[in-house]
Engineer: 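One structure, as structure tokens, below. Some questions next.
Here is how names work: the chains are called A, B, and so on, in the same order as the sequence lines, proteins then strands, and each is numbered from 1.
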Amino acid sequence: MGLLDYFRSNQPKSSANVAKERLQILVAHDRATRGQPSYLPQLQQEILAVIRKYVDVDLDAVSVNYEQEDSREILELNIVLPDVPSAPRI
Amino acid sequence: MARIIVITSGKGGVGKTTTSAALAMGLAQRGKRTVVIDFDVGLRNLDLIMGCERRVVYDFINVINQEANLNQALIRDKRCDHLYVLPASQTRDKDALTKEGVGRVLDELSQSYDYIVCDSPAGIEHGATMAMYYADDAIVVTNPEVSSVRDSDRMLGILSSRSRRAENNDEPIREYLLLTRYNAERVDVGEMLSVEDVQEILSLTLLGVVPESKAVLTASNNGIPVILDRESDAGQSYADMVSRYLGEEVPHRFIHAEKKGFLSRLFRG
Ligand SMILES: Nc1ncnc2c1ncn2[C@@H]1O[C@H](COP(=O)(O)OP(=O)(O)O)[C@@H](O)[C@H]1O
Ligand SMILES: [Mg+2]
């Protein structure tokens, strides 16, 4: 380490470190969604739209999980409803 | 039976064609009968890097469509006896690459060559998937840069699911990492992902690190694969890469910046 680097060492993280951390998150996400049916994001959107017709849920209230085991595929749907049910919107 | 090697990356401009030319020349120089195929239909440039662009008569698509036979289309390298180039078509669109057609040509080449090097186009579309479909080995060319590393990882996903070996449940494609356009000075000051960073993310066998080098442009200006420039850092690192591919153990070079004197260390950056 050079002398000047020593004085710089209390500066923010290097850009290479930022790049590495961003990549680790990105790649983990890419890998998790790899091999999933391509209709999944749209399915998630449409289910969310239907639910929001009746219940005032957050945009991230619906999660769709896809898993493949040897001979079967599992589609897991998770919907988080608000604590205090709000009045139906229609 | 030939071994089929795909040079792939996802991202464009990372050094696939430079690498294909270097690898093919390096293998041929070691006496391996080698053919290098340009899969970049519509944007051919392997012939330029190999310096044989004025000798192109027929191309890969002509052979697939049986408008010419392989002997008519293959261009023999003038510098090296065992090396042949199969150029891409400049005019057709990439749908002309059919799985059956590509398979037929590779089968025929397999009879008389030891290695078939497939220079993939960028992207993850048809041309790129055709270049990797029949591969036995894949060299994933990556630059130390976020979008290139991400694309390489996506390419690895495709290699493990959409290749002939994957579909037939054969032994998977052997995957290697080649890090190119590496700038050791910038890595040292934390401005560029290091070889360790990239390996940690992609976890592949490291085939080599090719430095960012002026020699690459000079070589392409002259139509001479950079591996023939033995004086240059890039040429030497490509020669090491070929040795490693053939199973020799060669220490990595050009990963660390040259040691500088006290004063420049003091004022570095
Ligand atoms: N190690 C390197 N150092 C400097 N320039 C390089 C290096 N590798 C490739 N290049 C340059 O980058 C550009 C793209 O290279 P190319 O091999 O055509 O990439 P690709 O086939 O992946 O699109 C070219 O201009 C080439 O000269
Ligand atoms: Mg190219």
Side-chain angles (χ1 to χ4, degrees), chain A residues 1-49 58-78, chain B residues 10-11 124 140 142-163 166-167 169 177 179 181-204 255-269:
Chain A
M1 196 155 94
L3 195 54
L4 292 184
D5 293 313
Y6 178 78
F7 291 114
R8 286 190 196 131
S9 61
N10 52 4
Q11 285 196 344
K13 279 191 281 246
S14 76
S15 70
N17 268 327
V18 175
K20 184 180 176 186
E21 282 168 20
R22 289 174 62 214
L23 264 171
Q24 281 168 327
I25 294 167
L26 204 57
V27 163
H29 178 263
D30 284 349
R31 285 177 188 166
T33 55
R34 197 173 281 170
Q36 291 186 346
S38 54
Y39 59 73
L40 230 53
Q42 176 130 28
L43 177 80
Q44 182 162 1
Q45 289 268 302
E46 288 180 20
I47 290 173
L48 183 66
D58 286 340
L59 282 171
D60 56 2
V62 172
S63 64
V64 178
N65 244 314
Y66 174 87
E67 262 172 63
Q68 197 160 26
E69 285 173 7
D70 301 324
S71 59
R72 55 186 188 150
E73 295 159 278
I74 304 169
L75 197 60
E76 188 187 79
L77 192 66
N78 199 14
Chain B
K11 191 170 156 68
I124 52 173
V140 181
T142 306
N143 293 166
E145 176 263 320
V146 277
S147 59
S148 174
V149 175
R150 185 201 195 177
D151 286 358
S152 292
D153 190 67
R154 294 185 65 190
M155 213 58 224
L156 290 170
I158 296 173
L159 282 166
S160 61
S161 61
R162 288 202 259 143
S163 64
E167 284 177 7
N169 270 321
L177 171 67
L179 203 54
R181 312 203 67 166
Y182 196 76
N183 186 326
E185 282 84 20
R186 301 197 71 183
V187 171
D188 279 2
V189 294
E191 290 176 357
M192 185 180 262
L193 289 165
S194 69
V195 54
E196 293 83 9
D197 292 339
V198 178
Q199 263 195 294
E200 199 180 314
I201 290 162
L202 296 179
S203 13
L204 291 178
I255 291 185
H256 300 291
E258 277 167 37
K259 292 272 175 293
K260 291 182 190 148
F262 170 73
L263 276 181
S264 59
R265 238 184 302 149
L266 190 60
F267 295 108
R268 174 173 75 186

Engineer: Please determine whether the number of non-hydrogen atoms from other residues, nucleotides or ligands lying under 6.0 Å from atom CD of Q45(A) exceeds 12.
Structural biologist: no
Engineer: Just so I understand: if I count every heavy-atom pair under 4.5 Å between each of V149(B), V146(B), D153(B) and chain A, which residue has the most?
Structural biologist: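 Most heavy-atom pairs under 4.5 Å with chain A: D153(B).
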Engineer: With a 6.0 Å cut-off (strictly less than), is the heavy-atom count around CD of Q42(A), excluding the residue itself, greater than 12?
Structural biologist: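 Counting other residues, nucleotides and ligands, CD of Q42(A) stays at 12 neighbours or fewer.
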Engineer: Could you pull out the closest heavy-atom pair between A19(A) and L193(B), with the gap in Å?
Structural biologist: CB-CD2, 3.9 Å
Engineer: Counting only heavy atoms not in Q44(A), do more than 12 fall under 6.0 Å of its CD?
Structural biologist: yes
Engineer: Answer yes or no: are there more than 12 heavy-atom neighbours, outside R31(A) itself, under 6.0 Å from its atom CZ?
Structural biologist: yes
Engineer: Rounded to the nearest 0.5 Å, what separation is found between the CD1 atom of I201(B) and the CG atom of L26(A)?
Structural biologist: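 The distance works out to 9.5 Å.
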